[in-house]
Amino acid sequence: MASLSSAISNPGHILSPNALAHDVKPKKICYSQCHAFFLPPHRSPICRMGFVSGLERKMTLKSRIFASVTVDTPVNTSPEKVQLPKGDTWSVHKFGGTCMGSSERIKNVAKIVLSDDSERKFIVVSAMSKVTDMMYDLIYKAQSRDDSYLSALDAVLEKHRSTAFDLLDGDELGSFLAQLNHDVSNLKAMLRAIYIAGHATESFTDFVVGHGELWSAQMLSCVVRKNGVDCNWMDTREVLVVNPTSSNQVDPDFKESEERLEKWYSKNPSKTIVATGFIASTPQNIPTTLKRDGSDFSAAIMGALFKARQVTIWTDVDGVYSADPRKVSEAVILKTLSYQEAWEMSYFGANVLHPRTIIPVMRYDIPIIIRNVFNLAVPGTKICRSTEDEDGQGLESFVKGFATIDNLALVNVEGTGMAGVPGTASAIFSAVKDVGANVIMISQASSEHSVCFAVPEKEVNAVSELLQSRFREALNAGRLSQVQVIPNCSILAAVGQKMASTPGVSATLFNALAKANINVRAIAQGCSEYNITVVVKREDCIRALRAVHSRFYLSRTTIAMGIIGPGLIGGTLLDQLRDQTATLKEEFNIDLRVMGITGSRTMLLSEAGIDLSRWKELQNEKGVVADMEKFVQHVHGNHFIPNTVLVDCTADSSIASHYYDWLRKGIHVVTPNKKANSGPLDQYLKLRALQRQSYTHYFYEATVGAGLPIINTLQGLLETGDKILRIEGIFSGTLSYIFNNFIGRRTFSEVVAEAKQAGYTEPDPRDDLSGTDVCRKVIILARESGLKLELSDIPVESLVPEPLKDSASAEEFMQKLPQFDHDLAKKRQIAEDAGQVLRYVGVVDMVNQEGAVKLQTYKNDHPFAQLSGADNIIAFTTTRYKDQPLIVRGPGAGAEVTAGGVFSDILRLASYLGAPS
């Protein structure tokens, strides 16, 4: 069996079936003498490996069969050498396996070829869809001694037979089927040898898998000829010469390839040539491949050899996207990319081209066009030398695209002994090279205290162990402090040629990441500034990608929203969102997606966003038991949306107690709920400190004035250096209504009953009359102004008669309230006699560092006396507005205005996150 093993190990051996049967030592054939075997006179020498049958052994040496010798290309018998024309007359097209996936798709490819009005066309094709994988599977099964390789080979044969019957007829069909059967017979014998030996060399593997391209090229050339166009097909192993390298890659030999191309063309002149992609030969004429994605490389090399006008890569996408559209739904097709930009994006995992594909065409400034074979109306993406002035002047013209690489780990080597010591970095990366690990990114501080680099996660353990071993002495001596592995990382790269000359690109990138609460673990940027690379946690990668893409491309600022408390205010907010969503998307690039709605008992969740036109119906149909932890996890856990906001429309202190944890997790909070800002002082201070330290936002405008800009006005005064002296106001719409109508001979109880009937009061009016709600608003404003007060520090004058505080029900309270009308009637009379009115106000006295809630009188010409209905009014007395206070007045109660205030905060959040204002 030694002879079989040596034959499989050495593709220079040609085995006959008798050698297989009797273990006869095969005759060794030198590749340089392969021309001794039968080759058509118009073919250049190349070794065609294969096996002859018993019958064929009785034939002359000329009948030995190699791979896929065509019988359909007419022999050129002209004695004159035909010169190879080069230049703009040629256009090169490459069609991938998806394009060649079926007989219908091959017909479609032929139509595209025929519709190209270029004078000369060179077509590179891949194997039919899945065929290359099927061929690799044949090798794997044969060397694993799995008998199913025979049925797998039959499946390959049938796939091409049925396709040929759909496409061809007459002599073309007969010739192709004869060649197909011949090739399969040879493959069966070779696979049998591999089966016996139990292994296959790389050369044998390359030879086997290359058959898919041979068959697809022949079929397409037949279809083109069938349409009346002269067309030859080329086995590129006869022309394309490459030198294998040690890194599982190949380097084209352009000089030798050009000579072979000229020789091939002199014997096979044609204005349309269909060629095999993926396969080539070594200088010794050993069949090889250009490795995975090699067909694109083939097209680029041939484009360079022909000095073609352009190379069009036909695929199943509309072009190169600004980001992976599976991760960023708003990704756009780029009209142009420079060679360097395409190179960078492909290196970082973008579905553009293999980086080496770009090298051959760059030499001659040949543009590459990426187009969709299934959508001819789209012009695709043009990759060329310069993209000046082709994409406008927006930020997106500076940063062309974003790409990510997942499943990485960072290795950090640090220690004071590294600083200024020559050779440390060399020793580190020499160890990495010895492991065979691929370094994706390197980052080093200028202090030389540490070096960190990213490697695939599957290789990090080997790297770490070898570094620990190599630097054991330095670690023990303390010159190095640690070799640290940081797992679960991803790389995000921003790519753009114009970044180098544009200030602020890095700032914009990192600002977008910060606002999305993304922590950056490492940064790398070359001096060319073609890309900025950051390392983030793997779980943050998609969110980071969405955040930076949204910021640079001004795509819709997408915010995942969770609505807590779909009662009167929450339900009204949902209706407002429903009515305004489309306008916000179209005019302001803001995409607000309500991912969840929860009440105290039921919650409704959605993966893509709830249809707000029927949220009540959906809640009844698909609602599940409410669980706040699951609700928050669902709304925030969608990594396709970089920003999350929870909108608390309740008055529940238990919900407010979650704000700190939500903000710490990077979840923004918007609320009209007063409980957090008026609760225990230490919790409030902790909450505000967290808010100030992070890029997470906490908006609560509606806690004081519903839709009125009270908080915003106060913050504006303080931020601009004004000093607050006094804040005084009517903060309760209910009490404003009551005292605006407590005039003439009307009793207090009568007006309260009227307000309750009109819906101005809480179900139990004591909640309004107690002054507690006003007190909470006062404490919020006091704390916002800098006073550190507890709720209990604010004296409150309650309007609930002491004997009625413990009434069993609201009905009992309302029934007994008339008994106490006299007290307030007396106060009203005294005020009227003095030309004054009664108003229930809250006061923040910054001079005396105190607050109060009380019933107070004002002159009839005072702004507080001029109110009507349920309006609120707040007066700010400051060092700037001392003689005439700054007044804010308007409706301060009601579901519509309160929901509107909350909505306004949501839009302010969107603006902070990058939405255009």
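Y660 and R664 are not linked by any side-chain donor-acceptor pair at a separation below 3.5 angstrom, with hydrogens and angles left out of the test. With hydrogens and angles left out, the side-chain atoms of T558 and R593 include no donor and acceptor closer than 3.5 Å. No hydrogens or angles considered: a donor-acceptor pair under 3.5 Å links the side chains of D722 and T878. Checked by atom type, the side-chain pair Y659/Q683 shows no donor-acceptor distance below 3.5 Å.
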With a cut-off of 3.5 Å and sequence neighbours excluded, list every side-chain donor-acceptor pair involving residues 595-602.
none

Residues 882-894 side chain polar contacts: donor-acceptor under 3.5 Å, at least two apart:
| from | atom 1 | to | atom 2 | distance (Å) |
| --- | --- | --- | --- | --- |
| R889 | NH2 | Q866 | O | 3.3 |

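The neighbour count for Q849 CD, taken as heavy atoms of other residues, nucleotides or ligands under 6.0 Å away, is above 12. No more than 12 heavy atoms of other residues, nucleotides or ligands shown are found within 6.0 angstrom of OH on Y881.
Using bins of under 30°, 30° to 60° and over 60° for the plane-to-plane angle, the ring pair Y698/Y700 lands in the tilted bin. Ring geometry for Y840 versus F739: interplanar angle under 30°, hence parallel rather than tilted (30 to 60°).
In this structure, R726 is not positioned above the aromatic face of F876 in the sense of NZ or CZ being under 6.0 Å from the six-membered ring centre and within 45° of the axis.
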Item to complete: Would you sort out whether D611 and L618 count as a side-chain contact (heavy atoms from CB on, under 4.5 Å), showing the intermediate values?
Response: CA-CA 8 Å; D611 179 359; L618 290 171; 4.2 Å; yes
